[in-house]
Amino acid sequence: MNLLRSVSSGHFADFGMDTITLAGPLEAKLAAMKAAGFGQVMLAARDIVGHPQGIDAAVAAVKASGLRVTGFQVLRDFEGLSGHLHGYKADIAKQMIGMARALGAKVLLACSSTSQHASGDLDVIARDLRKLAMLALPHGIQVAFEALSWGRHINEMPQAWEAVQRADMPNLGIGVDSYHVFATNTALDHLDDIDPARIYLVQLADFMWQETRTAQERMETARHFRVFPGEGVHSQALAELVRKLDAMGYRGDYSFEVFNDDYQQLPLPYVAERGRNSALWLAESVLKRSVPLPGQMRLRSAACRATVPDGVPA
């Protein structure tokens, strides 16, 4: 495995980490991200509702951390249901939206349904996504709809975009997850059909083998074996994805969503440092960003060096 060398302090405003990536209590996760130089965090609901002092204490901890909230995840299996199942999921969505608002999250991530009870009718799916967006709209929250690679009816990015277009809501867009793009071998040319202003979130991760042949294998890899960008075998493709998004005009956030059983057993600073090195590789060597921002630096490039993984063009 190619490891990126540790580098001196730098700031990378566009990159953050998911709390899912780290083990331990919420406050420790936030502190590790902050110490590694990250300025934002993607929050998982379980880290908020699982706080031993309750949701209010979790919200206070997030605000006290000084980290900007990238978004809140994840609403599952919402679209395509009917009757009491639809009503049940609508109630769940309202609770998720309320927590997102309390946390200051501007984006709620919703993943495509895996339910055997969900309809595959695109008009029904669009209708439900429209309703979800309408529930979020008064709270100033955008909904990013993401295609799970093992989704029942929608499992690739172009399908998610088609549903979003059909729903036609100003606060409804898509979430792009590099893992799912690579797991389904989705051609990056499909991004050409997507309005970059409607991409509300990009989550990045790599994995250690070239392909996942079944939905079950995709699920197992996604939940246990992801690694940071630059650590897996898809580094070149991941660099191409990020460059393409940037060239399209995407100027939103990139968050590292790295489900990894090994990382769950390792010290927080060590894992956060791996994430930091990944961000530096992407910012400096892939996007080649070292331009000062008002009041802060994306990177102090004169002091920072990141090693590019083998086979990845600089």
Side-chain angles (χ1 to χ4, degrees), residues 18 20-21 42 73-80 109-116 118-122 125-126 129 143-167 172-196 198-246 248 250 252 254-260 282 311-312:
D18 291 30
I20 284 170
T21 303
M42 181 76 182
Q73 64 177 3
V74 57
L75 179 63
R76 299 185 184 276
D77 298 324
F78 181 81
E79 78 283 0
L109 181 65
C111 290
S112 61
S113 181
T114 62
S115 173
Q116 298 292 319
S119 169
D121 186 323
L122 195 58
I125 291 170
L129 291 177
V143 176
F145 184 53
E146 176 184 285
L148 283 180
S149 55
W150 57 87
R152 179 164 172 76
H153 302 294
I154 292 181
N155 47 51
E156 292 199 55
M157 179 177 58
Q159 299 168 320
W161 175 237
E162 184 179 357
V164 164
Q165 285 184 296
R166 191 168 298 206
L172 178 66
I174 68 166
V176 175
D177 187 312
S178 65
Y179 172 79
H180 295 299
V181 171
F182 300 150
T184 54
N185 292 311
T186 301
L188 296 186
D189 290 346
H190 287 296
L191 284 168
D192 295 334
D193 301 324
I194 298 175
D195 179 359
R198 302 291 292 280
I199 301 174
Y200 292 157
L201 175 68
V202 176
Q203 291 180 299
L204 300 176
D206 203 343
F207 53 106
M208 303 297 286
W209 32 89
Q210 289 292 342
E211 60 181 337
T212 53
R213 295 179 178 85
T214 66
Q216 184 62 35
E217 188 179 5
R218 287 195 291 272
M219 192 183 308
E220 288 299 310
T221 301
R223 292 176 175 175
H224 303 286
F225 300 110
R226 299 195 205 193
V227 292
F228 287 107
E231 295 183 336
V233 298
H234 301 274
S235 294
Q236 186 168 349
L238 199 147
E240 183 183 351
L241 169 64
V242 171
R243 287 196 189 102
K244 187 170 183 66
L245 287 165
D246 190 65
M248 288 170 56
Y250 176 72
Y254 298 90
S255 190
F256 298 149
E257 184 182 47
V258 182
F259 293 83
N260 184 300
L282 287 167
V312 180

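Only this structure's heavy atoms are used, side chains among them; waters, hydrogens and symmetry mates stay out.
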Ionic contact status for Arg226 with Asp177, cut-off 4.0 Å: yes
Rounded to the nearest 0.5 Å, what's the gap from CG on Leu148 to OH on Tyr179? Could you check? 10.5 Å
Would you check if Pro158 and Thr186 make a side-chain contact, meaning some heavy-atom pair closer than 4.5 Å? yes
Using 30° and 60° as the class limits, which term best fits the ring planes of His234 and Phe182: parallel, tilted or perpendicular? parallel
Can you tell me if Gln216 and Glu220 form a side-chain donor-acceptor pair at under 3.5 Å? yes
As an exercise, state the distance from CZ of Arg243 to CG of Leu282, rounded to the nearest 0.5 Å. 9.5 Å
What pair of heavy atoms forms the shortest contact from Val143 to Ala110, and how long is it? CG1-CB, 4.3 Å
Can you tell me how far CZ of Phe145 sits from CG of Leu109, rounded to the nearest 0.5 angstrom? 10.0 Å
Would you confirm whether Tyr250, through its side chain, and Lys244, through its main-chain N or O, come within 3.5 Å as a donor-acceptor pair? no
Look at the side chain of Ser178 and the backbone N and O of Ala205, then say whether any donor-acceptor pair between them is shorter than 3.5 Å. yes
Any heavy-atom pair between the side chains of Met42 and Gln203 that's under 4.5 Å? yes
Would you say that Thr21 contacts Phe228 through its side chain, given a criterion of any heavy-atom pair below 4.5 Å between the two side chains? yes
Going by atom types only, do Ser115 and Ser113 share a side-chain donor-acceptor pair under 3.5 Å? no
Beyond-backbone contact of Val242 with Val202, side-chain heavy atoms, under 4.5 angstrom: no
Side-chain donor or acceptor of Arg198 paired with backbone N/O of Leu172 under 3.5 Å: yes
Apply side chain to side chain contact (heavy atoms under 4.5 Å, CB included) to Val74 and Glu146, showing your working. CA-CA 10 Å; Val74 57; Glu146 176 184 285; over 6 Å; no
Could you tell me the separation between the CD1 atom of Ile194 and the CE atom of Met157, rounded to the nearest 0.5 Å? 4.5 Å
Hey, does Gln73 have a side-chain heavy atom less than 4.5 Å from the side chain of Asp18? yes
Considering non-hydrogen atoms only, spot the tightest contact between Arg223 and Phe259 and give its length. O-CB, 3.4 Å
Distance-minimising heavy-atom pair for Ile154 and Ala163: CD1-CB, 4.0 Å
State the OG-CD1 distance between Ser119 and Ile125, to the nearest 0.5 angstrom. 6.5 Å
Does the side chain to side chain contact (heavy atoms under 4.5 Å, CB included) test come out yes or no for Val176 and Val181, once each step is laid out? CA-CA 8 Å; Val176 175; Val181 171; 4.3 Å; yes
Can you list everything that forms a side-chain hydrogen bond (donor to acceptor under 3.5 Å, both in side chains) with Asn155? Sequence neighbours excluded, please. none
Please report the closest heavy-atom contact between Ala147 and Ala160, naming both atoms and the distance. CB-CB, 4.0 Å
Can you tell me how far the OG atom of Ser112 sits from the CD1 atom of Ile174, to the nearest 0.5 Å? 12.0 Å
Could you walk me through whether Asp77 and Thr114 satisfy the side chain to side chain donor-acceptor pair (under 3.5 Å) test, starting with their C-alpha distance in whole Å, then the side-chain angles of each, then the deciding distance to 0.1 Å, before giving a yes or no? CA-CA 6 Å; Asp77 298 324; Thr114 62; 3.2 Å; yes
Using a strict cut-off of less than 4.0 Å between a Lys/Arg side-chain nitrogen and an Asp/Glu carboxylate oxygen, indicate whether Glu162 and Arg166 qualify as a salt bridge. yes
Looking only at atom types and distance, does a side-chain atom of Ser149 sit under 3.5 Å from a main-chain N or O of Ala183, one as donor and one as acceptor? no
